[in-house]
Amino acid sequence: MSTYIYGIAGSKHPALPDGMGGIGEPARPVRVLTHGELAAIVSDAPEDLKPKRRDLLAHQNVLSEAGAAGAVLPMRFGSLAPDDEAVVAVLGERADHYEERLNTLDGKVEYNVKAAHNEQAVLHQVLAENPELRAMVEANQRQGGGSYEEKLQLGEMITNAVRAREASDGIEVRRALEPVAEAVGAGPEGTGWLANLSFLVVRKSADGFLAAVDELRATEPHLELRVHGPLPPYSFVDPGPAAPAE
């Protein structure tokens with residue numbers, strides 16, 4: 001039976017609650033494997049493991065319980081090893097790397113911030129900042145919309161201006177929040193977002209980070225900011241060397 005890995009902690013990490021269950025139906029008992037100064041939080045893996053809501057929540061719950069007691073390197077859902085011995089072998093081979101990551105992430109959490117434009121508000125702002133473009137829009141309106149070619153040209157100009165504003169606003173979101181974070185990582189680009197950033201934040205300073213987000217909302221009302229957190233610091237867990245072990 002494969003071994004499912006939730007995360008990696010120090011061997012002196014406080015114990016998890018007795019009888020804690022993890023993924024699977026019925027829930028597989030969570031246990032701890034140790035090697036030197038490191039410990040892996042694991043359970044048996046179901047044969048038909050899939051990203052079902054119940055198992056995703058169970059994975060998150062185990063990490064939340066463990067992370068509340070100290071630093072944990074969270075693994076992504078679905079992290080598997082052939083057996084317990086393989087997990088222990090990797091702990092030994094990558095000990096220096098894992099210990100460095102645990103020290104770096106101790107007492108820190110992750111906040112993910114996604115930013116988008118309020119389309120109507122940013123359009124007004126783009127026109128207010130570009131007198132030439134605004135004059136073209138007003139002339140076009142006086143002419144009842146203008147010709148097809150004129151509409152097409154004006155639409156392209158407005159689109160380009162909004163895209164330029166998206167790029168500058170993405171930089172502004174990072175500039176405004178980076179000073180209140182320990183590290184910043186860019187997430188994958190997605191439709192509808194001008195910025196997708198993950199911030200590593202000292203847990204005790206989380207209120208200051210959230211206050212900075214609120215200030216950014218107030219000073220840039222054309223931005224729509226969505227914040228998720230506190231989360232285990234997934235974006236800052238470098239798995240280490242490619243793979244000396246299976």
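Here the structure is a predicted model, which means the values were calculated and not measured.
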Heavy-atom side-chain proximity of F77 to L49 below 4.5 angstrom: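 Yes - at least one pair of side-chain heavy atoms lies under 4.5 Å apart.
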Should [X] and [Y] be counted in the same cluster of Ile, Leu, Val, Met, Phe, Trp and Tyr side chains packed under 4.5 Å apart?
X: V30; Y: V88; answer: no
X: I171; Y: V213; answer: no
X: L73; Y: V42; answer: yes
X: V201; Y: V72; answer: no

Any chance you could lay out the side chain to side chain contact (heavy atoms under 4.5 Å, CB included) test for L197 and E178, step after step, and finish with the verdict? CA-CA 10 Å; L197 300 169; E178 192 168 17; over 6 Å; no
Sequence neighbours excluded - side chain to side chain donor-acceptor pair (under 3.5 Å) pairs with any residue from residues 64-84: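 Sorted pair list: T3-D84, R31-D84.
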Go through the steps to decide whether T219 and E215 satisfy the test side-chain hydrogen bond (donor to acceptor under 3.5 Å, both in side chains), and finish with yes or no. CA-CA 6 Å; T219 57; E215 182 178 351; over 6 Å; no
In terms of relative ring orientation, are H59 and Y4 parallel, tilted or perpendicular, with 30° and 60° separating the classes?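 It falls in the perpendicular class, over 60°.
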Between CD1 on residue I8 and CD on residue E99, distance to nearest 0.5 Å: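 Rounded to the nearest 0.5 Å, the CD1-CD separation comes to 11.0 Å.
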Gap separating the NE2 atom of H117 from the CZ atom of R163, nearest 0.5 angstrom: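 It comes to 13.0 Å.
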Residues in side chain to side chain donor-acceptor pair (under 3.5 Å) contact with R53, at least two apart in sequence or another chain: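 R53 satisfies side chain to side chain donor-acceptor pair (under 3.5 Å) with no residue once adjacent residues are dropped.
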Using atom types as modelled, flag every donor-acceptor pair under 3.5 Å from a side chain in residues 229-236 to any protein atom, sequence neighbours excluded.
{"unit_1": "Y234", "atom_1": "OH", "unit_2": "Q60", "atom_2": "OE1", "d": "3.4"}
{"unit_1": "S235", "atom_1": "OG", "unit_2": "E110", "atom_2": "OE1", "d": "3.4"}
{"unit_1": "S235", "atom_1": "OG", "unit_2": "E110", "atom_2": "OE2", "d": "2.8"}
{"unit_1": "S235", "atom_1": "OG", "unit_2": "S198", "atom_2": "OG", "d": "3.3"}

